[in-house]
Amino acid sequence: MSICRKALLACLAIILCHPGSACAQAASQSSAHPSDPRQAWMDPSLDPDARADLMIHEMTLDEKIQFVHGAGWGVLRNGAPVAPGHNGGAGFVPGIPRLHLPDINLADSAVGVRMAALQSRYATLLPSVIGLSASWDPDAAFLYGSVIGRELRAMGFNMSIGGGMDLIREPRNGRNFEYSSEDPILAGTMVGQLARGVQSNHIMGDIKHYVLNDQETGRNTLNAELDTRALRETDLLAFQIAITMAHPAGVMCSYNRVNGDYACENDYTLNQVLKHDWGFKGFVLSDWGGTHSTVKAALAGLDQDQPGDDNFFSEPLKQAVLSGQVPQGRLDDMVHRIVRSMFATGVIDQPPTPRSVVDPFRGRDDAQKIEEESAVLLENTGGILPLSAAKTHSIAVIGGHADAGVLSGGGSAQVDAPGGNAVDPKMGASVWGKAIYFPSSPLRYIREQAAPGAAITYDPGTDLAAAAKAASSAQLAIVFVTQWMSEGEDSATLSLPDNQDALVSAVAAANPNTIVVLENGGPISMPWAPSVKAVLESWYPGIGGGQAIADILFGRVNPSGKLPVTLAASDADLPHPQVTGLTPRTGNNGADAGAGRNQARQRPQPFAVDYNVEGMAVGYRWFQEKNKQPLFPFGFGLSYTRFVYSDLKIDPDAKAVTFDLRNTGAIAGDEIAEVYVTLPASAGEPFRKLAGWKRVSLAAGATQTVSIPLDPLYLSIYSNTGNAWTRPTGDFLFEVGGSSADLPLHLSLRLAAR
Ligand code: BGC
């Protein structure tokens, strides 16, 4: 960029920004001169660690302390002071202008940037992360993160606090829509790519909530218990993969305790595993209000206390450093980790200024593209789908507010709905504890684009008799069912809320051609599955959701998603038939709205959640180990075409598997080919585990030789005694196919220890 253009942009930045605002400050800060010997850290040719050291050398004790805690709840709490320079996100750390160290403005951004409407801004609602993970497409995950990074940047933020990485161990967890999968390799890969996408925009990325924050009930007090080996091979493995792939600036420690100690003062998970074993160079920030001490937390590895109003890391930390309870070197390490991350991601060299306007159309197109890969066709009896516009004369669309829009998830992942809640615009863009719909009406797309010649009625589905009547007078019925989920509360059951199981049964009884579209936060049960013809899992489908659903139903898009979670037939089949600690008093979401609100905080007495019940056997592994049949297995999903697998080969050291994949149907499609490994019996893991996959696009009739590399880590087990991963000796079974329960190719290979 020419000097002239740089100067012009700097002037524009100053004109566009309010004096004293974050962007004005950042713009002036970016004028630092690398050749000024007093600002040697501004020389971009130096590495981030060297630059951080140079700057820290110049910092006073007070400046260091200022940088290791946030400035309070700000806009999150009515009445809390909002510091100058605060950009309206969930967190703010004031910068140090004399050192050209910019403010850190953090924004929640799990499925899109939160709280945009507060400042008359717009943000794209992406499909939920669990949905994204159903695409099994690392490129889609990168795109997802880049949409978030792009929009954060446009809004003047320089750090994302998204990257939900907790394993879907508890299928009724209220935050599963922010998380990826029950499988650590799929989850780690997808969230790692997502965080890379965020950081590709010179925005600091984050991965959260570290670790075992796998349910919301009692999250602030519960003690998650899990044996070290199982922890390393499941929840921690997911974080390990994502963190080593993305090198995120931040890792947010969670509210809960892990094997006794709070996650934000847990020496094992923070110091020993994250920083030592994985070599994490970024900083650990607490979940909001998740810090419980000064000295213990600082020594255990917490680097930044958020939002900072509890004062653990302000004056008390200063005193602890002065008295030697926390070594000066440890404080310097905290600051180093933060500042080096700012240099490494480019937020100092390429600050998010000048601000710009988010492009809603680009965001919508990206969201729709991701949803087209994420929707999973679970059932298609008699090939009722895709529907033919020419042959469809009448449709009864029923339920799920399909006339108004698509559902989104709640809590700190809530994105503001443009124009207000689509089902009740007076409600505003977002209200904590209320279901918010986005203006992407499936009914509208079906009516106006997919089947303009058909007679289409809409019934809200609130009166079973009326819904059945509407269904009986149409050629086919499409029922939309919803499950609203949110941070702060779990569902007490896998069953759909609000009598929707009865609604589907009533409609299916009235019309043999019933198609169900699911908009849900996480796994649900479907007692009516055998009585309907088709089921399309759309998750929370995002701002392009209405169109993506219509396009899949009518065959403009061939569905290709596969389940990143097991769908159990009932709660009784789960390792924990009830969510631990969830009492009738704390209720569930849905029908008794209100009772379950903030149940996360309603359990002041500590209680244990015993994850040793299933240990390593999370999700599909549990079903295999216990010989139980799920309703729909992990990795399962149908297409409008068919794929045939053949000719499996593997090299003697199991570096990769190779096989042929053929599209034997009449249309092009994408297949997600999956590889599972069962370790030798001596490993003590009597279940197959995902070891790799590839999403392959094939034209009708085409064949491709597919090669899938195998990471040695995924063929290894963690040994408690040696703190090491080793590949056991013995016979490894490799299986390949289209779902964890349909693996036509298999080979056994004897491997030596490694
Ligand atoms: C959530 C975090 C979120 C933070 C700030 C907490 O309640 O658990 O995920 O980033 O609030 O909004």
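FYI, side chains are in, hydrogens and waters are out, and symmetry mates aren't considered; it's all heavy atoms of this structure. Note that ligands are numbered from 1 as they come in the structure, with each ligand's atoms numbered from 1 the same way.
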Worksheet item: Is the distance between the ring centroids of H69 and F313 under 6.0 Å?
Response: no

Worksheet, complete the sentence: Under 4.0 Å between heavy atoms, the region of R114 that gets near ligand 1 turns out to be side chain

Worksheet entry | R219 contact mode with ligand 1 (heavy-atom cut-off under 4.0 Å) | side chain

Worksheet entry | For the student: nearest non-hydrogen atoms of F607 and G581, plus distance | CE1-CA, 3.7 Å

Worksheet item: Which of the atoms of ligand 1 are close to D287, meaning less than 4.0 Å from one of its heavy atoms?
Response: 1 (C), 2 (C), 3 (C), 4 (C), 6 (C), 8 (O), 11 (O)

Item to complete: Please answer whether the main-chain N or O of N213 pairs with a side-chain N or O of R169 as donor and acceptor at a distance below 3.5 Å.
Response: no

Fill in: Counterpart residues, ring-ring contact (aromatic ring centres under 6.0 Å, His included), relative to Y540 (two or more places apart)
F177

Worksheet item: When you look at D108 and K208, which way does the salt bridge (Lys or Arg N to Asp or Glu O under 4.0 Å) test go after all the steps?
Response: CA-CA 11 Å; D108 277 312; K208 70 184 184 185; 3.7 Å; yes

Worksheet item: Is it the side chain, the backbone, both or neither of R175 that has a heavy atom closer than 4.0 Å to ligand 1?
Response: side chain

Worksheet item: Any side-chain donor paired with an acceptor under 3.5 Å for R219 and S254?
Response: no

Fill in: Pairs touching residues 297-310 that satisfy salt bridge (charged side-chain N to carboxylate O under 4.0 Å, His left out), sequence neighbours left out
K275-D303, D303-R330

Practice prompt. May I ask whether H209 has any heavy atom positioned less than 4.0 angstrom from an atom of ligand 1?
Written response: yes

Discussion item. Is the contact between Q306 and ligand 1 made by the side chain, the backbone, both, or neither, using heavy atoms and a 4.0 Å cut-off?
Written reply: neither

Discussion item. Show me which atoms of ligand 1 lie under 4.0 Å from any heavy atom of A90.
Written reply: 5 (C), 12 (O)

Worksheet, complete the sentence: For K208, the atoms of ligand 1 under 4.0 Å from one of its heavy atoms are 2 (C), 3 (C), 9 (O), 10 (O)

Worksheet item: Does any donor atom in the side chain of Q193 or R196 lie under 3.5 Å from an acceptor atom in the other side chain?
Response: yes

Worksheet, complete the sentence: One finds that the ligand 1 atoms under 4.0 Å from a non-hydrogen atom of M252 are 10 (O)

Discussion item. On a heavy-atom basis, I'd like to know which of D108, L106, N220, L285 is closest to atom 10 (O) of ligand 1.
Written reply: D108

Worksheet item: For W288 and ligand 1, does the shortest N/O to N/O distance drop below 3.5 Å?
Response: no

